[in-house]
Amino acid sequence: MSRSSKVVLGLSVVLTAATVAGVHVKQRQDRQRLHDGVIRDIERQNRKKENIRLLGEQIILTEQLEAEREKMLLAKGSQKT
């Protein structure tokens with residue numbers, strides 16, 4: 001095998017190995033990015049569920065407060081008469 005053939009073969013092997021390594025690194029980065037996105041989505045869903053739960057509690061408490069205010073107003077009205 002001539003010297004130039006060996007150089008071309010060596011260069012080809014190095015470039016192929018670099019390409020395979022580059023693709024592997026890119027796939028790993030993509031996989032990690034997707035994983036991070038899934039984790040963020042799950043956290044977002046959990047925050048949304050918690051916010052909905054808190055909103056429901058606030059609605060109940062508001063209704064209770066309004067009912068108590070109504071009772072107090074009725075009690076004050078009946079005391080005046």
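Along the sequence shown, residues are numbered consecutively beginning with 1. Quick caveat, the model's predicted, so the values are computed rather than measured.
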Output side-chain donor-acceptor pairs under 3.5 Å for residues 60-73, partner residues at least two apart or in another chain, one line each.
from : atom 1 : to  : atom 2 : distance (Å)
T62  : OG1    : Q58 : O      : 2.7

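- A salt bridge links D41 with R44; the closest basic N to acidic carboxylate O contact falls under 4.0 Å.
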*Stepwise salt bridge (charged side-chain N to carboxylate O under 4.0 Å, His left out) test for E50 and R47*: CA-CA 5 Å; E50 179 66 13; R47 281 194 309 270; over 6 Å; no
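- Two residues are said to be in side-chain contact when any heavy atoms from C-beta on lie closer than 4.5 Å; R33 and D30 meet this criterion.
- In this structure, the side chain of S12 does not engage the main chain of V8 through any donor-acceptor pair within 3.5 Å.
- Atom OG1 of T16 sits about 9.5 Å away from atom CG of L11, to the nearest 0.5 Å.
- Two residues are said to be in side-chain contact when any heavy atoms from C-beta on lie closer than 4.5 Å; K6 and R3 fail this criterion.
- A donor-acceptor contact closer than 3.5 angstrom is absent between the side chains of R31 and H35.
- Here CG of L9 is found 11.0 Å from OG of S4. Values are rounded to the nearest 0.5 Å.
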*Given salt bridge (charged side-chain N to carboxylate O under 4.0 Å, His left out), test D36 with R40 step by step and report yes or no.*
CA-CA 6 Å; D36 293 345; R40 274 194 310 272; 5.3 Å; no
